[in-house]
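Below is one structure, written out as C-alpha cells; comments come after it.
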Amino acid sequence: DGSLVAFFAIGERQEDLFVGAPGGPMRRIIDDTARDRAPFFTADGKSILFYSNRGGDWQAWMVGLDGSGLRQLAKAPQGVVYPILSPRGDRIAFSGSSVRGTFQMALPSGEVSALPGAAIDNDVLTPTSWSRDGAHIAGMLTSLSGGPTGVAVYDLATKTLTKVSDDPSYAVLWMADGRRVIYFTNGGWQLVVVDTVTKARTVVQLRLPAPSTIDMFAISPDSRHVYYGGARAEADIWILERK
C-alpha cells in the first residue's frame, strides 16, 4: 500500500533486512549472520519474500514484518537468487544460483520447472519484476559471462521473451500502468523509462546525488517515488615517514 519500504544491507558484514516508512527510520526485521537479500512484499503486505544462504546455499525464504514466521520455501535444486512473487502468490520466478537459467516454483507444492522461452540466443532473463496483472515479467538479460546485455519482457501466455532496450541494467521494475518499465543504467547515473509496446526510451531529467548501486531498487505503487541505494566513495591521503 506504499506505507513501508523494504531494505537490505548488501555488502555489509551482516546482511540483514529492514522496513521503514518512506522518509522515516528503519526497523531491523532479521538480525543474524546469514546473508539476506532482495526483499519483496507479499500482496497482503504482511510478509516479505527474500533469498538467503542461511540454509547453506541460496534459497527463497519468507518472514513476517515483525520477524516471526521465518521459513524456507521448498528447496530448489538449482538454488535461488532474486525470487519475485506472482501477484496471486501462487508461484515465484527466479534465477538459479548454481545452474544458469530462469525458473519458476509453484506454491505451496514447491514444484520447480524451467521457464520456457526465457532466453534470446545465449542471453538469459534474470526476472526482477512481475506486472500487477500477472501477465508479464520484466528483467535484465545476462550473457554467458554474467554481464547485463539489455532489458527484456517475458509474456507468460505466449512463453516468449522480447528485448525492449539494449541498456545494461541490473534491475528493472514495472510502473503502475503495467506498460512501462523503469531502470538505472549508464553506471547507475541515469534513470530510464521504456514503453514496452512501442519501445520508446525516455531519460528522466534529474541530477542524482550519487549513482545507483548495481542491485535492486523500489518504486512506489503510484510510480511517483523511486527509492534506491547510492554509492559514495571517500578516501584519505597519508604520508609515512621513515625515522
Side-chain angles (χ1 to χ4, degrees), residues 6 8 10 36-43 48-52 58-62 73-74 76-107 110-144 146-176 178-185 192 194 196 212 214-219 228:
F8 67 114
I10 192 169
D36 306 313
R37 297 179 175 178
F40 277 93
F41 288 102
T42 54
I48 283 180
L49 169 72
F50 63 102
Y51 74 100
S52 174
W58 295 108
Q59 294 288 340
W61 291 71
M62 278 194 181
L73 302 185
Q78 305 89 342
V80 176
V81 292
Y82 296 104
I84 57 173
L85 187 66
S86 69
R88 294 175 57 185
D90 60 347
R91 56 178 162 164
I92 63 171
F94 61 93
S95 292
S97 62
S98 60
V99 176
R100 187 170 183 260
T102 312
F103 305 91
Q104 58 185 341
M105 176 190 290
L107 301 176
E111 181 181 354
V112 177
S113 60
L115 201 64
I120 299 175
D121 297 327
N122 289 321
D123 294 341
V124 174
L125 176 69
T126 296
T128 56
S129 184
W130 212 307
S131 63
R132 293 185 186 181
D133 61 5
H136 299 90
I137 293 174
M140 67 172 181
L141 292 171
T142 56
S143 65
L144 286 171
T149 60
V151 173
V153 171
Y154 181 80
D155 188 312
L156 285 112
T158 62
K159 299 179 175 57
T160 55
L161 184 66
T162 303
K163 191 174 187 179
V164 297
S165 171
D166 291 322
D167 288 328
S169 182
Y170 289 89
V172 183
L173 297 182
W174 286 101
M175 300 187 71
R179 174 167 168 158
R180 294 175 297 163
V181 293
I182 188 169
Y183 55 87
F184 287 94
T185 189
V192 174
V194 170
T196 61
S212 170
I214 61 171
D215 244 283
M216 297 302 298
F217 66 101
I219 186 169
Y228 75 97

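These numbers come from the heavy atoms of this one structure, side chains and all, not from hydrogens, waters or symmetry mates.
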Has [X] got a side-chain atom pairing as donor or acceptor with [Y]'s backbone, closer than 3.5 angstrom?
{"X": "Y154", "Y": "P116", "answer": "yes"}
{"X": "S131", "Y": "H136", "answer": "yes"}
{"X": "T185", "Y": "S169", "answer": "no"}
{"X": "S212", "Y": "Y228", "answer": "no"}
{"X": "S129", "Y": "W174", "answer": "yes"}
{"X": "S98", "Y": "Q78", "answer": "yes"}

Straight-line distance of [X] [atom1] to [Y] [atom2], nearest 0.5 Å:
{"X": "T162", "Y": "I120", "atom1": "OG1", "atom2": "CD1", "answer": "6.5 Å"}
{"X": "L161", "Y": "T102", "atom1": "CG", "atom2": "OG1", "answer": "8.0 Å"}
{"X": "Y183", "Y": "F217", "atom1": "OH", "atom2": "CZ", "answer": "10.5 Å"}
{"X": "M105", "Y": "E111", "atom1": "CE", "atom2": "CD", "answer": "10.5 Å"}
{"X": "F94", "Y": "Q104", "atom1": "CZ", "atom2": "CD", "answer": "8.5 Å"}
{"X": "L125", "Y": "L141", "atom1": "CG", "atom2": "CG", "answer": "6.5 Å"}

Smallest separation among heavy atoms of [X] and [Y], with atom names:
{"X": "L173", "Y": "T128", "answer": "CD2-O, 3.7 Å"}
{"X": "P83", "Y": "F40", "answer": "O-CD1, 3.8 Å"}
{"X": "G134", "Y": "L156", "answer": "O-CD1, 3.6 Å"}
{"X": "I48", "Y": "P39", "answer": "CG2-CB, 3.4 Å"}
{"X": "Q59", "Y": "A74", "answer": "OE1-O, 4.3 Å"}
{"X": "S95", "Y": "P127", "answer": "OG-CD, 3.5 Å"}

With a 4.5 Å limit on heavy-atom distance, are the side chains of [X] and [Y] in contact?
{"X": "Y51", "Y": "L73", "result": "no"}
{"X": "I137", "Y": "W130", "result": "yes"}
{"X": "L144", "Y": "R100", "result": "yes"}
{"X": "I92", "Y": "L85", "result": "yes"}

Task: Exercise: do T160 and D155 side chains pair donor with acceptor under 3.5 Å - done: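 There is no such pair (donor and acceptor under 3.5 Å, judged by atom type) between the side chains of T160 and D155.
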Open item on the list: Using ring centroids (six-membered ring only for Trp), state whether F50 and F8 fall under 6.0 Å.
Closed with: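 Between F50 and F8, which both carry aromatic rings, the centre distance is not below 6.0 Å.
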TODO: Step through the shown structure and confirm whether more than 12 heavy atoms of other residues, nucleotides or ligands are within 6.0 Å of CG on D133.
DONE: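 Yes, the 6.0 Å shell around CG holds more than 12 heavy atoms from other groups.
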